[in-house]
Enquirer: 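This is the structure I have questions about; it appears just below.
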Amino acid sequence: MSWARPATVLAALACAAALAALARAAGLPGAFPLFPALWGACLVGAQAVSGRRLLRALLGARAADRVGPSAEWALGWCTGVILTGYALSLLAFAGLLRPVPVTLVVALAALYGVTGGPPPRAARRDPAVRAWRLLPAAGKFLVGTALAVELVAALVPTLYYDALVYHYAVPEQYLRHGGFVHLPGMIYACFAFLVDLLNAVGLAWDATGVAANVFNLAFGVALLPIVADLAARTVGHRAAAAALLLWVGSPFVAIVGVLPTNDLPVLCLGMAAIHLAWSLRHVPGWRAVLVSALLAGGALFAKNVALALVLPAWGLVVITVAWRRVRGGTWRPGPAVAWVVATGLLPAVVASPTFIKNAWLTGNPLMPAAWTVLGGRDWSLLEHTAFLDEMKTHPLAEALLDAGPRSLAEVFLTGGETLGREWAGAWVLALLPALVFVRRRRGAARAFLLFALAEAALWSASFTTSRFLGPTLLCLVLASGAGLAWGWQRLGRRGRVGLGVLLAAALPAHAASFNHGMSVWQGHWLPVALGVEDPRAYVEAGTGYAEADSAAARILGPGEHVLMLGDGRSFHLRAPVVPTSAMNVSPLVRLLREGRSDDEVITALRAMGVGALLLRPNEWGRLAGHYAAWRLSDAEKARLAALLQARTRLVFRSDDGRTLLYQLLRDGGGVTSPRGTPSPG
């Protein structure tokens with residue numbers, strides 16, 4: 001049967017996951033990372049088979065056969081991600097986002113994919129496979145080692161700040177409430193939620209986040225055949241091989257590939273849209289372009305910045321395709337313009353669940369954008385101004401001027417935080433020599449280079465973090481791959497030695513950058529991955545509030561939650577939490593600034609379900625130094641200290657004084673220990 005092989009693989013994964021779950025329930029050693037990894041693999045497999053079948057149904061078999069087999073699986077998986085995201089969105093709107101319905105969605109997706117799905121295609125003429133075969137043995141070793149190491153790293157519970165505050169913490173809240181719920185201290189919950197909602201699938205049966213790590217890693221893996229296939233079609237197979245090596249070997253990918261953010265997902269979905277629109281540009285009709293618009297909408301559904309960083313390139317491809325058809329006489333100008341406009345609007349329609357959710361929960365479909373015009377719940381001018389300022393700081397020119405030779409060398413060797421605050425690093429500069437070999441006849445390479453420059457200029461004027469430089473770096477890699485391939489064929493022995501040294505630098509740069517990033521964000525992760533260290537002890541050491549968490553679990557009554565002050569990393573807490581973010585002022589501070597009395601403040605906190613306050617003064621001071629919304633006046637500090645003194649009881653204080661846990665008094669009175677009085681900000 002045509003679906004026998006995918007069905008067998010998925011059945012084997014499901015059975016192995018079930019056995020691993022039984023082993024973990026029985027407390028057998030070594031079973032901890034096995035079940036989450038297999039559960040994440042089941043999710044990825046179900047999306048791949050269902051998305052591939054849907055992709056071929058939307059495109060038609062003849063058009064789908066024009067895509068390389070490897071890229072077809074990757075594009076199908078991207079389609080399956082969007083399909084699963086819509087199914088989960090319906091559950092979340094209906095209040096049914098629970099482990100059993102979520103598992104049913106995964107099972108139905110797998111069943112749809114394996115019953116009546118197309119058989120796997122032979123890879124003899126696969127452009128991505130040909131590019132892989134052209135890699136030298138050392139290049140294959142680099143790519144394989146990088147993927148293996150990142151897979152091992154994915155088996156470690158994440159300690160990455162954004163994941164603990166947002167990417168995993170918000171889906172965890174949705175699972176606790178059964179669906180979408182307004183989180184007054186979490187503006188990040190208003191952002192595009194496709195990937196974060198899919199993280200809930202991993203978290204449904206795995207509170208550690210490892211299953212979600214595996215799902216996020218799949219975006220980086222799926223991006224490889226898409227990039228290789230597109231490069232082979234535009235700049236040649238040898239250039240595709242060089243680009244693949246440069247991309248996987250970059251410090252940027254080494255770091256972002258193991259961090260559960262939305263940056264690789266939006267890049268993967270956006271490149272899938274560009275690949276499909278360009279590789280099927282000669283197919284009659286508009287079905288391929290419309291399906292590419294679906295994938296472009298998935299990129300916007302995954303992250304709002306896709307509107308600036310990915311969709312312009314996709315729009316240029318669509319316009320180019322329409323222009324060629326007009327010049328070839330296939331379309332008249334009028335209908336072509338209408339189709340381009342309609343296609344350009346389709347991504348917003350695909351991403352509409354984000355707008356619907358925001359309108360329902362905050363009153364502003366674009367929240368926090370257009371807040372000054374449309375308003376929105378639990379947001380202020382102070383917070384809005386701080387948010388805009390955060391997105392406009394650290395321009396690229398300033399970063400380059402600040403980076404001296406020593407700093408550039410440090411970035412290149414360690415992946416340090418010099419350029420763009422994160423890890424684009426001097427690897428971008430190391431690519432520049434290869435660009436001189438981009439010949440005039442390589443129009444696609446020149447287009448990649450021009451778009452990279454345009455993206456860098458846009459980033460410099462608009463954004464703050466080099467994680468958003470992914471499209472820029474990828475275009476540089478594609479152009480540099482073309483230059484390297486041309487130079488390798490035409491240079492003499494000395495020139496080849498120079499290019500070989502450049503490529504050889506990829507492995508140590510990748511390894512050093514990976515280790516640096518993992519050390520910064522994940523701590524000493526390797527012993528946990530190897531099973532030497534207990535993952536729970538690793539998490540407790542990395543967060544620093546395990547004892548306070550245990551104390552909170554003892555004192556909270558039914559339906560009561562912990563409100564965190566100064567630290568929003570709530571994901572690994574066992575006690576139920578009212579989540580907060582760095583961009584939001586704490587609900588407690590908001591109440592104080594509104595001039596509420598002590599009784600009104602306590603009543604409002606009780607209405608939110610708050611039963612305890614987890615205060616981290618040092619973290620509050622760090623936030624106050626970076627975000628104006630967290631800076632308290634002397635009067636506000638005194639008011640907060642008096643409120644804690646009179647209306648709470650200190651139940652836990654860490655030895656270093658960095659973690660304080662207060663219980664709200666139910667009788668309206670009482671005095672805390674003087675040493676529990678904080679001095680935040």
Side-chain angles (χ1 to χ4, degrees), residues 165 183-187 377-387 545 548 551-552 555-557 560-570 575 577-654 656-681:
V165 173
L183 304 174
M186 183 60 66
I187 193 63
R377 294 174 60 186
D378 299 307
W379 197 236
S380 66
L381 182 60
L382 180 64
E383 293 162 305
H384 190 66
T385 303
F387 177 79
Y545 44 56
I555 66 170
L556 291 178
E560 290 186 336
H561 296 69
V562 175
L563 176 63
M564 302 186 73
L565 300 173
D567 195 345
R569 297 177 297 164
S570 63
V577 178
V578 176
T580 57
S581 74
M583 299 308 305
N584 289 85
V585 68
S586 168
L588 174 58
V589 175
R590 189 187 302 277
L591 292 169
L592 294 177
R593 286 178 175 166
E594 290 175 356
R596 306 283 190 97
S597 67
D598 287 359
D599 288 338
E600 290 174 331
V601 170
I602 297 299
T603 300
L605 292 178
R606 288 289 182 193
M608 295 171 57
V610 176
L613 306 174
L614 181 61
L615 174 62
R616 308 199 79 187
N618 286 10
E619 288 293 313
W620 192 323
R622 184 185 65 81
L623 290 176
H626 196 64
Y627 302 102
W630 283 86
R631 296 170 194 155
L632 301 183
S633 65
D634 292 339
E636 290 169 341
K637 291 180 182 179
R639 177 75 196 286
L640 175 60
L643 178 70
L644 295 177
Q645 185 82 5
R647 308 304 297 268
T648 68
R649 178 172 66 91
L650 180 66
V651 295
F652 174 81
R653 183 180 188 273
S654 63
D656 58 9
R658 295 187 175 187
T659 304
L660 306 170
L661 181 67
Y662 295 88
Q663 181 182 16
L664 268 64
L665 296 175
R666 295 180 176 84
D667 58 5
V671 179
T672 68
S673 167
R675 67 175 183 171
T677 303
S679 56

Enquirer: Using 0.5 Å steps for rounding, measure from the CG atom of L613 to the CD atom of Q663.
Expert: 10.0 Å
Enquirer: Which residues pass the side-chain hydrogen bond (donor to acceptor under 3.5 Å, both in side chains) test with R569, not counting sequence neighbours?
Expert: D567
Enquirer: I need the M608 CE to L605 CG distance, nearest 0.5 Å.
Expert: 6.5 Å
Enquirer: For a quick test of reading the model, state the closest non-hydrogen atom pair linking L556 to H561 and the distance between them.
Expert: CD2-O, 3.9 Å
Enquirer: Looking at CD1 of I187 and CZ of R377, how far apart are the two atoms once the value is rounded to the nearest 0.5 Å?
Expert: 11.5 Å
Enquirer: Going by heavy atoms in the side chains, are Y545 and V562 under 4.5 Å from each other?
Expert: no
Enquirer: Holding to side-chain contact (heavy atoms from CB on, under 4.5 Å), I want the full list of residues that pass it with A551, two or more places apart in sequence or in another chain.
Expert: R554, F652, L661
Enquirer: The criterion is side-chain hydrogen bond (donor to acceptor under 3.5 Å, both in side chains); which residues satisfy it with T580, sequence neighbours excluded?
Expert: none
Enquirer: Is any side-chain heavy atom of L565 closer than 4.5 Å to a side-chain heavy atom of L588?
Expert: yes
Enquirer: Taking only residues two or more places apart in sequence, or in another chain, which ones meet S654 in a side-chain hydrogen bond (donor to acceptor under 3.5 Å, both in side chains)?
Expert: D656
Enquirer: Can you measure from CZ (R653) to CG (L650) and round to the nearest 0.5 angstrom?
Expert: 8.0 Å
Enquirer: Can you give me the closest heavy-atom contact between L660 and P617, atom names plus distance?
Expert: CD1-CG, 4.2 Å
Enquirer: If you define the side chain from C-beta out and look only at heavy atoms, does anything of V165 sit under 4.5 Å from S570?
Expert: no
Enquirer: For L664, is there any backbone N or O sitting under 3.5 Å from a side-chain donor or acceptor partner on R606?
Expert: yes
Enquirer: By the definition side-chain contact (heavy atoms from CB on, under 4.5 Å), identify the one residue from T659, V577, L563 that meets it with L614.
Expert: T659
Enquirer: Considering residues at least two apart in sequence or located in another chain, which fulfil the side-chain contact (heavy atoms from CB on, under 4.5 Å) criterion with A604?
Expert: L591, R596
Enquirer: For R647 and D599, work out which heavy atoms get closest and say how close.
Expert: NH1-OD1, 2.7 Å
Enquirer: Tell me whether Q645 contacts the main-chain N or O of A642 through its side chain, where contact means a donor paired with an acceptor under 3.5 Å.
Expert: no
Enquirer: Rounded to the nearest 0.5 Å, what separates atom CZ in R649 from atom CG in L665?
Expert: 7.0 Å
Enquirer: I need the I602 CD1 to T648 OG1 distance, nearest 0.5 Å.
Expert: 7.5 Å
